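The block underneath contains the structure these notes are about, expressed in structure tokens.
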2 protein chains.
Amino acid sequence: MPPTATAATTTTPDAKRDAILDAALTLFSERTFDGTPVPLIADTAGVAAGTIYRYFPSKEALVNALYRQWKGELRRVIVDGIAGGTTVREQFGLMWQGLWRFGAEHPRAVAFIETHHHASYIDDESRALGQQIEDESIAFIEAAQARGEIRPADPCIVMSLVLGAFTGLVKHAGADGLMLDENATRESEEIMWAALRAS
Amino acid sequence: MPPTATAATTTTPDAKRDAILDAALTLFSERTFDGTPVPLIADTAGVAAGTIYRYFPSKEALVNALYRQWKGELRRVIVDGIAGGTTVREQFGLMWQGLWRFGAEHPRAVAFIETHHHASYIDDESRALGQQIEDESIAFIEAAQARGEIRPADPCIVMSLVLGAFTGLVKHAGADGLMLDENATRESEEIMWAALRAS
DNA sequence: GCAATATGAATGAATATTCATTCCAGTGCC
DNA sequence: GGCACTGGAATGAATATTCATTCATATTGC
């Protein structure tokens with residue numbers, strides 16, 4: 001394999017592309033997709049409008065790339081939490097702390113994912129990724145229920161409740177100035193585990 | 001007083017205005033504010049584009065009227081729940097069931113309120129209404145904590161968690177086809193009370 | 001010098017809003 | 001009762017603006 005090609009890609013793994021994605025994340029999370037003109041994304045990213053079309057074939061392709069990037073990161077947090085623990089309690093703790101850290105570091109990403117979840121311009125591949133996360137979460141809940149460690153409620157309800165609570169927390173924190181606080185992590189984790197655990 | 005004038009107003013308390021608001025609710029919740037052309041709202045409502053400007057001075061005024069209408073309804077549900085019960089457990093039960101019914105009957109309204117909460121075109125009066133609901137909710141939580149009936153966590157966190165969980169539930173149910181189910185109401189109420197109650 | 005890359009003014013398609021016109025219910029007059 | 005009249009309500013084509021996308025030109029790195 002040619003080492004130069006790989007090296008070049010490693011040095012500048014697409015600084016412009018990343019700047020565009022980052023600007024889009026900020027703007028889409030604050031003003032929605034349709035409310036954000038492409039030239040504004042360009043300005044914010046520090047590039048010209050035309051440059052965006054060198055990296056993404058259309059505004060829709062851009063929003064889908066962004067969605068997949070962050071939904072993928074979120075998935076890794078959940079999967080790693082599940083993989084990292086041995087007991088259900090431990091798995092949930094890791095997952096919640098991972099989510100919390102993710103929310104504290106990337107509040108814009110949480111808002112963006114939430115807002116664009118059911119949008120019409122989200123394509124099939126992006127939607128499939130969302131579905132995969134749901135399936136994996138529900139499989140985890142069902143397994144834990146089978147072991148009698150999570151209360152035997154509809155797994156769909158349990159998942160929506162927990163993910164919804166997390167999203168609500170991040171969104172509210174973003175508006176005011178909560179988060180990162182060590183104590184709040186523990187508090188919220190305790191509350192949610194009290195909600196989940198059997199009997 | 002002229003009885004005819006009053007009668008006329010009673011018969012049609014603004015059928016067109018209501019049709020416009022209803023069409024806007026559907027479209028804004030499905031496609032966002034900026035993603036919804038005014039002529040499409042007009043078509044959906046069964047009126048001409050110009051007619052909308054007879055009832056609302058601008059698209060922004062329309063979205064604010066809509067926001068206040070539904071945020072007001074939501075507030076009544078919460079306030080009535082608190083007012084209707086004598087114990088904290090009972091108050092929470094009424095509130096959750098009220099929210100549940102509201103979500104089942106008006107899923108579009110829940111999605112709309114959630115999506116437009118922090119939007120830039122939401123004016124000060126609308127924002128104040130949102131703040132009022134937060135203040136009232138937090139006052140309720142603090143009072144219950146003082147009586148030792150809700151766990152002594154940051155009231156802000158508790159509120160975000162509960163409201164977020166509710167929103168997550170409705171949004172997910174809207175996508176698939178949950179809700180209205182008598183059993184699911186009870187299940188989710190139990191889960192959330194387990195999360196809240198002291199020790 | 002020459003590819004590859006970046007630029008931003010120009011283009012054409014949408015969009016919010018306006019306004020000249022049509023419609024209609026109610027009123028007074030025969 | 002029938003009939004012209006009037007003012008508010010409704011219309012939808014026209015206007016002025018905004019936006020996604022393109023492309024001829026400029027810049028960069030080698």
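Predicted model only: the values in this text are computed from it and were never measured. Every chain is numbered from 1 and lettered A, B, ... according to where its sequence line falls, protein lines coming before strand lines.
In this entry the distance linking CG of B/Leu27 with P of C/dA16 reads 12 Å, nearest Å. Distance B/Arg54 CZ to C/dA16 P: 20 Å, rounded to the nearest Å. Rounded to whole Å, the distance from CD1 on A/Ile20 to C1' on D/dA20 is 15 Å. For B/Asp43 and D/dT11, the CG to C1' distance is 13 Å, given to the nearest whole Å. Following rounding to the nearest Å, B/Asp34 (CG) and C/dA14 (P) show an atom-to-atom distance of 18 Å. Atom-to-atom, CZ of A/Phe56 to P of C/dA6 comes out at 12 Å; the value is rounded to the nearest Å.
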Please write out each protein N/O paired with an N/O of nucleotides 8-10 of chain C under 3.5 Å, distance rounded to 0.1 Å.
from: C/dG8; atom 1: N7; to: A/Gly50; atom 2: N; distance (Å): 3.4

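For B/Lys16 and D/dA9, the shortest distance from a side-chain N or O to OP1 or OP2 is not below 4.0 Å. Taking side-chain N and O atoms only, A/Tyr55 has a distance below 4.0 Å to OP1 or OP2 of C/dA6.
Classification of the B/Phe166-B/Trp96 ring pair by plane angle, with boundaries at 30° and 60°, yields perpendicular.
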Requested in this report: Show your reasoning for whether salt bridge (Lys or Arg N to Asp or Glu O under 4.0 Å) applies to A/Glu182 and A/Arg186.
Outcome: CA-CA 7 Å; A/Glu182 179 65 33; A/Arg186 209 182 309 276; 3.3 Å; yes
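Looking at which nucleotide of DNA chain D each of B/Ile52 and A/Phe33 is closest to, the 5′-most match is held by B/Ile52.
Two residues are said to be in side-chain contact when any heavy atoms from C-beta on lie closer than 4.5 Å; A/Glu136 and A/Ile78 fail this criterion. Residues A/Asp22 and A/Arg108 have side chains in contact (heavy-atom distance under 4.5 Å, counting atoms from C-beta outward).
Between the side chain of B/Thr32 and the backbone N or O of B/Phe28, no donor-acceptor pair lies under 3.5 Å. Counting only distance, with no hydrogens or angles, the side chain of A/Gln145 and the backbone of A/Arg151 share a donor-acceptor pair below 3.5 Å.
For B/Pro37, whose side chain is taken as the heavy atoms from C-beta onward, the closest listed nucleotide among C/dT17, C/dT15, D/dC19 is C/dT15. Of the candidates C/dA16, D/dA20, D/dA10, C/dA16 carries the atom nearest the B/Lys59 side chain, counting heavy atoms from C-beta on.
Around CD of B/Gln131, the count of heavy atoms belonging to other residues, nucleotides or ligands within 6.0 Å exceeds 12.
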